[in-house]
Visitor: 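Just passing along the structure, written as structure tokens.
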Amino acid sequence: SWVSDSSLVCKASGGVGETATVLLTSGGQTGSLSQILTYNAPIASAVSRTNGPSTGGNSVTIFGRGLGTAGYSSAGRVGGTACESSSWVSDSSLVCKASGGVGETATVLLTSGGQTGSLTAGWSYNAPIASAVSRTNGPSTGGNSVTIFGRGLGTAGYSSAGRVGGTAC
């Protein structure tokens, strides 16, 4: 609404993103200020579950605020890897299908409109489980190969190691 020859007041609509342009129209002419208005970055505050399998694939709801409306492109990251899929639920939550990974603690990220909010140590992957070995006996001099079977080792890109009798393989 018009206030004076030098100002007017308008109620800005919601938005996400780093910057927005402001337009002023009067008598059919328009003036603008580019990249002058910013919106708050999203904030990640909690997750519906705090751990999952190294294979990924489980749904996790990331809670926070600042995700805008359904028309905005919002996404999640769990443990440094983009979610396999992200579905906007509301301005304060997003459902993410977590990707696989390994590690004790990981950061959860919410991204909307080019800005990111994070929840430090909001996620962990299940610890690996050893279930069997390929041989149960070997020479005292060592040097024989032993395959350790189990689950939760992630993919080939992760560093996994074994120990036999307190000594690294």
Side-chain angles (χ1 to χ4, degrees), residues 1-129 151-161:
S1 64
W2 184 90
V3 175
S4 69
D5 180 57
S6 61
S7 66
L8 69 86
V9 175
C10 73
K11 186 173 183 173
S13 61
V16 297
E18 296 171 332
T19 59
T21 298
V22 173
L23 299 174
L24 178 63
T25 303
S26 182
Q29 294 180 312
T30 302
S32 66
L33 289 170
S34 296
Q35 300 180 351
I36 194 73
L37 179 70
T38 62
Y39 292 98
N40 295 335
I43 294 172
S45 58
V47 290
S48 60
R49 56 188 300 173
T50 57
N51 78 313
S54 62
T55 54
N58 52 312
S59 290
V60 179
T61 302
I62 305 171
F63 299 99
R65 66 176 187 262
L67 294 174
T69 61
Y72 296 110
S73 176
S74 297
R77 292 179 75 83
V78 174
T81 305
C83 296
E84 293 175 19
S85 64
S86 295
S87 301
W88 179 90
V89 176
S90 69
D91 179 60
S92 60
S93 66
L94 174 90
V95 174
C96 148
K97 185 175 179 184
S99 296
V102 296
E104 291 181 25
T105 60
T107 299
V108 175
L109 301 175
L110 272 177
T111 302
S112 190
Q115 294 179 304
T116 302
S118 64
L119 176 61
T120 304
W123 181 260
S124 66
Y125 290 98
N126 294 341
I129 296 172
R151 66 177 187 263
L153 298 174
T155 61
Y158 298 108
S159 62
S160 298

Visitor: Once rounded to the nearest 0.5 Å, what's the spacing between atom CZ of R151 and atom OG1 of T55?
Guide: 10.0 Å
Visitor: L153 versus S54: any side-chain heavy-atom pair under 4.5 Å?
Guide: no
Visitor: Treating N51 as the side-chain partner and Y125 as the backbone partner, does any N or O pair qualify as donor plus acceptor under 3.5 Å?
Guide: no
Visitor: Output the distance between atom CD (E84) and atom OG (S59), rounded to the nearest 0.5 Å.
Guide: 9.5 Å
Visitor: Take T105 and S124, measure what side-chain hydrogen bond (donor to acceptor under 3.5 Å, both in side chains) needs, and give me the verdict at the end.
Guide: CA-CA 5 Å; T105 60; S124 66; over 6 Å; no
Visitor: Under 4.5 Å between any side-chain heavy atoms of P42 and V16, yes or no?
Guide: no
Visitor: With rounding to the nearest 0.5 Å, note down the distance linking OG1 in T21 to CD in Q35.
Guide: 6.5 Å
Visitor: At their closest point, which heavy atom of A75 faces which heavy atom of L94, and how far apart are they?
Guide: C-CD2, 3.5 Å
Visitor: Mind running side-chain contact (heavy atoms from CB on, under 4.5 Å) on L110 and S74 for me, showing each step along the way?
Guide: CA-CA 7 Å; L110 272 177; S74 297; over 6 Å; no
Visitor: How long is the span from the CD atom in Q115 to the CD1 atom in I43, to the nearest 0.5 Å?
Guide: 10.5 Å
Visitor: Grab the two heavy atoms, one from C96 and one from I62, that are nearest each other, plus how far apart they are.
Guide: CB-CD1, 4.2 Å
Visitor: Taking the side chain from S32 and the backbone from S34, do they hold a donor-acceptor pair closer than 3.5 Å?
Guide: no
Visitor: Donor-acceptor pair, distance only, cut-off 3.5 Å: does the side chain of S99 make one with the backbone of A82?
Guide: yes
Visitor: Sub-3.5 Å donor-acceptor pair from the side chain of S48 to the main-chain atoms of T61, do we have one?
Guide: yes
Visitor: If you take all heavy atoms of A98 and V60, which pair is closest and at what distance?
Guide: CB-CG2, 4.3 Å
Visitor: Return the minimal non-hydrogen interatomic distance between A106 and G79, and the atom names on each side.
Guide: CB-CA, 3.3 Å
Visitor: Counting only heavy atoms not in N40 (residues, nucleotides, ligands), do more than 12 fall under 6.0 Å from its CG?
Guide: no
